[in-house]
Amino acid sequence: DSSHYAKYIQQALLPNEEKIQSFFGNEFVFNFPKDVVGGDFDVNLIRGQSLGNAQQVMEQHQAGSVDVMYSRPDWFTSNVSDFQVMSWGFTFSGRDHMTAFLNSEIFEKMSQKVIDNMGVRVLAAGVDQPRILYTREPVGSLNDVQGIKMRVPGIKAYVKLWETVGTIPTSVAWAEAFLALQTGVVDGAEADASGAYSQKFHVAAPNITMTNHIMSSFHISVNETKWNSLSSDQKAILKEAAQEAVAWASETAKSDSQSVLDKMVAEGATIAEIDSSPFSAKAGQAVPNMEADGLWSAGLWQSIRDLDK
């Protein structure tokens with residue numbers, strides 16, 4: 001008998017839907033177990049927002065009507081506050097640091113809280129494209145961002161970060177960010193390369209600074225009740241498939257980021273490297289206040305920083 005481990009998969013959870021669909025549109029993660037077990041797993045793959053917005057799909061995932069989900073840690077934060085540390089900029093020095101974190105006991109303990117509080121199990125997690133800076137004027141140092149108006153997502157950690165480094169966080173809808181940059185309502189914005197390219201940030205704000213302030217990540221998760229209904233062999237197959245898919249998507253994200261940046265340069269943008277250590281030091285000064293406010297557990301940020309060797 002077939003084991004229906006995935007009734008619904010929600011893939012386009014963030015504004016850059018095209019990129020996410022390009023990662024998983026070929027059903028890489030799902031064809032793998034079929035090849036291994038001769039079609040013992042049946043999958044109904046749902047793309048886009050057919051099941052609702054990201055928060056609604058996460059709620060369905062918790063309830064068990066969505067068995068398997070491709071998502072981001074952002075959607076855990078309302079139930080497990082420690083995941084907010086991943087949105088605190090300049091926490092991770094690069095892809096290797098993020099990878100070390102995702103493979104650490106720290107992340108394992110955070111993921112256990114997701115199981116306990118949400119009934120959802122992370123099967124595999126990987127590194128996505130880093131978020132970088134797009135500005136109307138060149139940025140070569142921390143001094144250059146003082147007092148500029150920054151379009152940032154309405155997430156507390158994002159807002160507090162950009163306040164801390166000296167900008168003026170400004171609320172602008174994602175779909176309106178290009179116009180805001182073009183007309184000077186804001187002086188800068190931040191996003192990963194693919195997301196920014198889809199909105200033509202580089203046209204309105206052609207100065208790209210490789211701050212890499214947030215190392216984005218993604219994961220594949222399964223409803224815990226569904227997980228517990230599987231046999232040991234089925235669990236192993238599903239977990240291996242998720243790990244293979246996430247590893248592939250992570251490498252694809254790395255190459256996609258560079259190719260998109262190359263397109264931006266060809267279309268008139270300039271790219272500048274920057275010493276991010278002054279930004280990181282400034283961000284670190286605000287961590288005690290963030291922890292005092294309960295954004296994440298005391299000492300968690302430093303524990304993550306200590307993984308960078």
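- Looking only at atom types and distance, the side chain of S277 has a donor-acceptor partner in the side chain of D275 under 3.5 Å away.
- A distance-only check finds no donor-acceptor pair linking the side chain of S257 to the backbone of K254 [under 3.5 Å].
- At least one side-chain heavy atom of H97 sits under 4.5 Å from a side-chain heavy atom of I304.
- With 3.5 Å as the limit, one finds a donor-acceptor pair spanning the side chains of D82 and S297.
- Minimum interatomic distance between I220 and A245 (heavy atoms only, all atoms of both residues): CD1-CB, 4.1 Å.
- Separation of the F83 and W88 ring centroids does not fall under the 6.0 Å cut-off.
- When atom types are taken as modelled, the side chain of T135 and the backbone of P138 share no donor-acceptor pair closer than 3.5 angstrom.
- Ring-plane geometry between F101 and F107 is classed as perpendicular, the angle between the planes exceeding 60 degrees on a 0 to 90 degree scale with a lower cut at 30.
- Ring to ring, H213 and W162 are close: their centroids are under 6.0 angstrom apart.
- Among all heavy-atom pairs drawn from I271 and M210, the shortest one is CG2-CG, 3.7 Å.
- A distance-only check finds a donor-acceptor pair linking the side chain of T170 to the backbone of I168 [under 3.5 Å].
- Inspection of the S250 and R95 side chains reveals an N or O donor paired with an N or O acceptor under 3.5 Å.
- For the pair V246 and Y70, the minimum side-chain heavy-atom distance is 4.5 Å or more.
- Scanning for side-chain contact (heavy atoms from CB on, under 4.5 Å) contacts around V203 gives F178, K200, with sequence neighbours left out.
- By the side-chain contact (heavy atoms from CB on, under 4.5 Å) test, E59 pairs with Q55, sequence neighbours left out.
- Once rounded to the nearest 0.5 Å, the distance linking CG of D67 with CD of Q60 reads 11.5 Å.
- Put simply, the side chain of D144 gets close to the backbone of S141: a donor and an acceptor are under 3.5 Å apart.
- A donor-acceptor pair is defined here as one N or O able to donate and one able to accept, closer than 3.5 Å; no such pair exists between the side chain of Q56 and the backbone of L51.
- Atom CG of N103 has more than 12 heavy atoms from other residues, nucleotides or ligands within 6.0 Å.
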> Taking it one step at a time, do K239 and Q243 satisfy side-chain contact (heavy atoms from CB on, under 4.5 Å)?
Replying inline: CA-CA 6 Å; K239 188 173 181 65; Q243 290 171 336; 3.6 Å; yes

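- Put simply, the side chain of R151 does not reach to within 4.5 Å of the side chain of V185, judged on heavy atoms.
- The line from CG of N207 to CG of D187 is 11.5 Å long, rounded to the nearest 0.5 Å.
- A side-chain donor-acceptor contact under 3.5 Å links S303 to the backbone of G299.
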>> Is there a side-chain contact (heavy atoms from CB on, under 4.5 Å) between D192 and I132? Walk through the geometry before answering.
In response: CA-CA 6 Å; D192 63 66; I132 54 182; over 6 Å; no

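- Other residues, nucleotides and ligands place more than 12 heavy atoms under 6.0 Å from the CD atom of Q285.
- A 4.5 Å side-chain heavy-atom check between L300 and I106 finds at least one atom pair inside the cut-off.
- A distance-only check finds no donor-acceptor pair linking the side chain of R131 to the backbone of S216 [under 3.5 Å].
- Contact of the F90 side chain with the I214 side chain is not registered, since no non-hydrogen atoms from C-beta on lie closer than 4.5 Å.
- Residues L261 and V265 are members of one and the same hydrophobic cluster, defined by side-chain heavy-atom contacts under 4.5 angstrom among Ile, Leu, Val, Met, Phe, Trp and Tyr.
- The CG atom of L161 sits 11.5 Å away from the CD1 atom of I155 when rounded to the nearest 0.5 Å.
- Rounding to the nearest 0.5 Å places OG of S104 at 5.0 Å from CG of L307.
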> Going through the distances and angles, do D256 and Q129 end up as a side-chain contact (heavy atoms from CB on, under 4.5 Å)?
Replying inline: CA-CA 8 Å; D256 280 357; Q129 298 183 22; 3.8 Å; yes

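- Taking all atoms of both residues into account, the shortest heavy-atom contact from M110 to V80 is O-CG1, 4.3 Å.
- Considering only heavy atoms from C-beta on, V66 stays 4.5 Å or farther from V68 through its side chain.
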> How far apart are the C-alpha atoms of W301 and M290, what are their side-chain angles, what is the distance that settles it, and do they pass the side-chain contact (heavy atoms from CB on, under 4.5 Å) test?
Replying inline: CA-CA 10 Å; W301 179 84; M290 297 299 99; over 6 Å; no

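- Between M58 atom CE and S221 atom OG the span is 5.5 Å, to the nearest 0.5 Å.
- Side chains of S87 and K160 form no contact here, defined as non-hydrogen atoms less than 4.5 Å apart.
- The shortest non-hydrogen separation linking P278 to L142 is O-CD2, 4.0 Å.
- Between E291 and W296, the side chains place a donor N or O and an acceptor N or O closer than 3.5 Å (distance only, hydrogens not considered).
- Using modelled atom types, one side-chain atom of Q234 and one backbone atom of S231 make a donor-acceptor pair closer than 3.5 Å.
- No side-chain donor-acceptor contact under 3.5 Å links E190 to the backbone of L133.
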Donor-acceptor contacts under 3.5 Å from residues 114-125 side chains, at least two apart:
residue : atom : partner : partner atom : Å
D116    : OD1  : Q112    : NE2          : 3.0
N117    : ND2  : N79     : O            : 3.4
R121    : NE   : E224    : OE1          : 2.9
R121    : NH2  : E224    : OE2          : 2.9

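- Using a 4.5 Å heavy-atom cutoff, the side chains of V57 and N53 are not in contact.
- Note that the CE atom of M150 and the CD1 atom of I148 stand 6.0 Å from one another [nearest 0.5 Å].
- Across all non-hydrogen atoms, the minimal contact from S217 to M86 is OG-CE, 3.2 Å.
- Annotation: H202 is in aromatic contact with Y197 [ring centroid separation under 6.0 Å].
- Scanning both residues, I208 and A269, for their nearest heavy atoms gives CD1-CB, 3.8 Å.
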